[in-house]
Each structure stands twice: as structure tokens, then as C-alpha cells.
**Q** 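Please find one structure pasted underneath; my questions will follow.
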Amino acid sequence: MEEHINDNTIVTIGDINYLWGIFLLIASARKAGMHEPFLVGCKRFTPRARQILEGLGSVGFVDLDHATRSLTCYKPFTMLKAETRFVTWADSDAFFTGNVSELLPPGNEDEIHFRMRPPSELPGLAWKRHFGGDFTSVPKPVLDVWRRDVEEVGGKASAEPHFTTTGSACFCSLSLARHREFLEVWHRLQMKVLPDRDVGVADWSLRIYPQLDESAQNACLAFWPDAPRPQKEFCLNKDRDRMFVHFIARPKPWEGWTKRAFRFFDEYVSVVEWAASQGLALPGPVPGCLKAKNKACMRMLIPWMTLKPKLVRRIKRVLGR
């Protein structure tokens, strides 16, 4: 296992609006004593933004200014730029609560470490809209298209899916040496089947790939014959002191707090305090929502902060923007 830890790159992506998130993801690892190099796919980054992240040590960059799709569609593209034996993907709106270096890579090189979703988390609303019914597994019409598409971009596909549920793409870790071709097929599939537009991290108008990169990743895991097999246990949600915490909804913690995310207020803010105590250059003035003294106020503002993004989206739809 020691060789896994010492030969692993953590990869993430974000535009300049996610600078605080990327900074705190990396800072949380450094605070915990993790020494893995980070590789950041970045868009619209200023030289100053790069310098701030470089101050955290062992941080490299992949320029994504050319990207027209949602940046989430460039996960495998960026992972392929790593130069270590293993590569770990971590969404930039996330952080580590402790040192998880030994937990990141899968137990063996034939596997991928990521979290399988229970049936309740399948994108049933999108599929129900298109296919009707309720789903405890991926609908057969979706599986049929996944198989055809994987075969078209990869030249081959398994006759039957390796599994019929899905896993979460916010985190995954695998052997780059062993599964480079899998990442290449995943990237080619996205470029083939996903619209050349950016509507965010999901596009619920799509019948087959509503969760964009995650849908394509699961298609490849299900039908690419040489795909890594999901590790039996996801190891980063067992111990609060050694977790990967992903903030899935808006607002993000550097903008405000949701009820679900607020459970980790103290741990996340402690990363900001640690970075300041180390004299590190910060992405900017510390937002009020990341100051410990404002905890009670932030708790009271949760209903409004949760409603605000929904109102903004509705107004934009009304205005046709």
C-alpha cells in the first residue's frame, strides 16, 4: 500500500469562480499532512490565482481555456495529464477532514475506488420524464444506448453490463498505468455524446446522459470490457476524522451554507484558519461565511441562502438568459 500512497496525483478542476474551493481542497490536504501532488484543470485563471495555489506546494495546472462544455466534462482529459502510477479525482467543491492518503487508491490495480449510489440516488426524475415508471436500476433503453456508444468510441463493448446501478463521479481513484485506455474511452465518449454547451454540471433535458460526465463514466464502467471494477467498499465516509466531504448543492460554503453542508462548518472554517496561520496567500479577503465568529448568523441565514440560487435561476429563465 505504501507504494500507492507515494505514487498518486490528486486532480481537480474549476474556473476562477471556484478559486476558494480549489484552494481549500488542497489546503485541507496539506493541513492534514497529505503530500500528494495536485493537478488543477483551470479556466480563466490569472497569474495571481496560480501563484496562490502554488503556495500550497506541489501544484501543477492544465489549461482549459479552450473548453466550451461544462468543465465537469474534462475530468478524464485532465486526469490523463498526471504522471504518477495512480490518479485520484476530487471535485473542487469538497475537502478532506483528515489524512486519507492511504485510503485514496483502490486496493488493487484492477479496481476503481468510488462510491456506488443506492437506488434512491439514481437520476429517476430525468429518466421518468422520458421513459415513465420508477427506477431501482438504470433503465434498459439507457443501457442499450450506453452499450452502443461505448462500442462506437472504443471499438468493443461487453454484451451485458458489469452492473446496472451507478456510482458518483465526485471522487474516484484508479491506476493510471493500468487504466489509461479506460480514461481515454471515457473522454472520447463525452466528446461524442454530450452537447457542445455549458448548462452546468447536469443537463436534465438529456435522455441518456443527464448527469454528463457521471453518466458517461458509468456507461464506460458498465460496458468497456477492460474497465476497472468498483471496489467493494467506499472508504472515505466511515470516520468523520478521515472523510472526503463533497458540497453538492448551492450555495457553496465560500458563498453561504446549506443545511446539509453546515454540519461541517467547524472543520471547513478550521482549514481557512490554518491557512491564515501559516502565512499563506489567500484567494482574497476571507468571506464572512468562512469566519468562525459568524457561525450563529450563518445558521440563521441557511433558509435564505438556499432559496437565493433557485430565485436567480428562475429569474434568468423568465428573462430568457
**Q** When you measure from the centre of the six-membered ring of Phe86, is the NZ or CZ of Arg178 under 6.0 Å away and within 45° of the axis?
**A**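 No; the conditions do not both hold, so Arg178 does not lie above the ring face of Phe86.
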
**Q** Check whether Asp226 reaches the backbone of Pro228 with its side chain - one donor and one acceptor, N or O, closer than 3.5 Å.
**A**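 No, because the side chain of Asp226 does not come within donor-acceptor range (under 3.5 Å) of the backbone of Pro228.
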
**Q** Could you verify whether a donor N or O on one side chain and an acceptor N or O on the other, from Asp196 and Thr68, lie under 3.5 Å apart?
**A**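 Result is yes, a qualifying pair exists.
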
**Q** Between Asp63 and Arg44, is there a salt bridge with N-O shorter than 4.0 Å?
**A**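 No.
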
**Q** Can a donor-acceptor pair be found, under 3.5 Å and without considering hydrogens, that links the side chain of Glu255 to the backbone of Lys252?
**A**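 Yes; at least one donor-acceptor contact below 3.5 Å.
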
**Q** Any donor-acceptor pair under 3.5 Å linking the side chain of Thr46 with the backbone of Ala49?
**A**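 Yes; at least one donor-acceptor contact below 3.5 Å.
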
**Q** Any carboxylate oxygen within less than 4.0 angstrom of a Lys/Arg side-chain nitrogen, looking at Glu214 and Arg117?
**A**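 A salt bridge links Glu214 with Arg117.
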
**Q** With a distance cut-off below 6.0 Å to the six-membered ring centre and an angular limit of 45° from the axis, does Lys75 pair with Phe77 as a cation-pi contact?
**A**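 Ring-cation test returns no.
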
**Q** Are the ring centres of His113 and Phe171 closer than 6.0 Å?
**A**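 Centroid separation for His113 and Phe171: below 6.0 Å.
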
**Q** Could you check if a side-chain atom of Arg69 sits within less than 4.5 angstrom of a side-chain atom of Asp198, using non-hydrogen atoms only?
**A**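 They are not in contact (no side-chain heavy atoms under 4.5 Å apart), so the answer is no.
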
**Q** Nearest 0.5 Å, what's the CG-CH2 distance between Asn218 and Trp186?
**A**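 So the gap between those two atoms works out to 9.0 Å.
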
**Q** So, does Asp7 use its side chain to make a donor-acceptor pair with the main chain of Arg85 at under 3.5 Å?
**A**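 Yes, because the side chain of Asp7 sits within donor-acceptor range (under 3.5 Å) of the backbone of Arg85.
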
**Q** I'd like to know if Asp149 and Lys192 make a salt bridge, using a cut-off of under 4.0 Å between side-chain N and carboxylate O.
**A**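 Judged by the 4.0 Å cut-off on N to carboxylate O distance, Asp149 and Lys192 do form a salt bridge.
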
**Q** Taking the six-membered ring for Trp and the full ring for Phe, Tyr or His, determine whether the centres of Phe114 and Trp89 are under 6.0 Å apart.
**A**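 No.
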
**Q** With Lys156 as the cation and Trp224 as the aromatic partner, state whether NZ or CZ is under 6.0 Å from the six-membered ring centre and within 45° of the axis.
**A**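 Yes - Lys156 lies over the ring of Trp224, closer than 6.0 Å to its centre and within 45° of its axis.
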
**Q** Compute the centroid of each ring, for Phe95 and then for Phe244, and state whether the two points are separated by less than 6.0 Å.
**A**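 No, ring centres 6.0 Å or more apart.
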
**Q** Within the structure provided, determine whether Leu64 and Cys42 are in side-chain contact (heavy-atom separation under 4.5 Å).
**A**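 A side-chain contact is absent here, since even the closest heavy-atom pair is not under 4.5 Å.
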
**Q** Between Arg147 and Glu151, is there a salt bridge with N-O shorter than 4.0 Å?
**A**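 Yes, this pair counts.
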
**Q** Can a donor-acceptor pair be found between the side chains of Thr72 and Asp213 at a distance below 3.5 Å?
**A**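 Side chains of Thr72 and Asp213: pair found under 3.5 Å.
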
**Q** Just checking, any donor-acceptor pair under 3.5 angstrom between side chains of Asn8 and Thr88?
**A**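 Yes - a donor-acceptor pair under 3.5 Å links their side chains.
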
